[in-house]
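Chain naming here is simple, since letters A, B, ... match the order of the sequence lines and numbering starts at 1 in each.
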Number of protein chains: 2
Amino acid sequence: MEKAAIELEATARTLKLLGDNTRLTVMGLLKDSECCVCEFVEVLKMSQPSVSQHLRKLRDAGLVKERRKGQWIFYSLNTEHETYPVIRHVLEQIPDQKEKLRALEEAGLRIQCDV
Amino acid sequence: MEKAAIELEATARTLKLLGDNTRLTVMGLLKDSECCVCEFVEVLKMSQPSVSQHLRKLRDAGLVKERRKGQWIFYSLNTEHETYPVIRHVLEQIPDQKEKLRALEEAGLRIQCDV
DNA sequence: TGCATATATAAGCATATACTTATATACTGA
DNA sequence: TCAGTATATAAGTATATGCTTATATATGCA
């Protein structure tokens, strides 16, 4: 019972974070592959600090993980998160963001890292 | 493509509304049966204006429908909503709220209406 | 018609949110 | 060691949010 209440609150916290165009797009991009900050900046056409602040919210909530690779920090979905089942389902419902990454690639702006 | 963008935004709008403990609980209650405002007030232990304001947001977004039955106004899920598939899935993930309605019933506070 | 009940709305306020610009930190490579 | 790139953080600000109290509206019933 106590646990149940927590689950509802955890779900609400996650949904609140997903309930923003920028963050939902970020999560949609991460569904397909890990990305670094500068890629988000390019795709979202937003300032770097703004993107970083959104990523921090997602990370603070445990929805994404980060991993440094050289000068870049790559973000990826945290599939271990308590609410990941809901997240995955949401990401399956929204339009695929792959195309945006492909456009980046064609523009030569996709970060390739072999580490 | 244009449509896809709208879908993401519509999803974000819905998730933002669900990303609040009060509204998520309301939707969880409506999953099981229609309810009137005074029932929400009782279950949520919140002021009537506050509850009404949350319901208005849900209604303005089209997530719930309202129907007057005598002096009461009953709310129910709008299963026709564009984002209803996501909503239903979310409501399946959170703990069942039926028990709260049962408690109301035992306290003799459940509104019965034969209209 | 008039009072009680149910609900909605308005106005006010404290806090949260999402940007901005400026600056700090961390890594890379010459 | 130093310049350049990537990222994070801080501070400021405008707007959004969620409550409160007060009041308006709609219905039921005597």
So do [Y] and [X] actually touch side chain to side chain, heavy atoms under 4.5 Å?
{"X": "Met27(A)", "Y": "Ile94(A)", "answer": "no"}
{"X": "Gln93(A)", "Y": "His89(B)", "answer": "no"}
{"X": "Arg110(A)", "Y": "Cys35(A)", "answer": "yes"}
{"X": "Leu24(A)", "Y": "Leu91(A)", "answer": "yes"}
{"X": "Glu66(B)", "Y": "Leu55(B)", "answer": "no"}
{"X": "Thr25(A)", "Y": "Lys100(A)", "answer": "yes"}

Whole angstrom is fine here: how far is it from [atom1] in [X] over to [atom2] in [N]?
{"X": "Arg56(B)", "N": "dG18(D)", "atom1": "CZ", "atom2": "P", "value": "14 Å"}
{"X": "Gln48(B)", "N": "dT25(D)", "atom1": "CD", "atom2": "P", "value": "15 Å"}
{"X": "Arg23(B)", "N": "dG18(D)", "atom1": "CZ", "atom2": "C1'", "value": "9 Å"}
{"X": "Gln53(B)", "N": "dT17(D)", "atom1": "CD", "atom2": "P", "value": "13 Å"}
{"X": "Lys45(B)", "N": "dC19(D)", "atom1": "NZ", "atom2": "P", "value": "16 Å"}
{"X": "Asp20(A)", "N": "dT17(D)", "atom1": "CG", "atom2": "P", "value": "11 Å"}

Charged N-O contact under 4.0 Å between Glu82(B) and Arg13(B)
no

Minimum heavy-atom separation for His81(B) and Ala61(B), please, with both atom names.
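Closest approach of His81(B) to Ala61(B), heavy atoms only: NE2-O, 3.0 Å.
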
Taking only nitrogen or oxygen atoms into account, show me every contact under 3.5 Å that the protein makes with nucleotides 12-16 of chain D, one pair per line with its distance.
none

Counting the atoms with a prime plus P, OP1 and OP2 as sugar-phosphate, which does Phe40(B) contact under 4.0 Å by heavy atoms, base, sugar-phosphate, or nothing?
nothing

Min and max contacting nt of DNA chain C in 5' to 3' order, chain A heavy atoms within under 4.0 angstrom, are dT17(C) to dT28(C)

Knowing that exactly one of Leu63(B), Thr14(B), Leu77(B) qualifies, which makes a side chain to side chain contact (heavy atoms under 4.5 Å, CB included) with Tyr84(B)?
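Per the side chain to side chain contact (heavy atoms under 4.5 Å, CB included) rule, the option paired with Tyr84(B) is Leu77(B), out of Leu63(B), Thr14(B), Leu77(B).
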
Counting side-chain heavy atoms from C-beta on, which of dT7(D), dG4(D), dT20(D) comes nearest to Gln71(A)?
dG4(D)

Taking OP1 and OP2 of dT7(D), is either one under 4.0 Å from a side-chain nitrogen or oxygen of Ser52(A)?
no

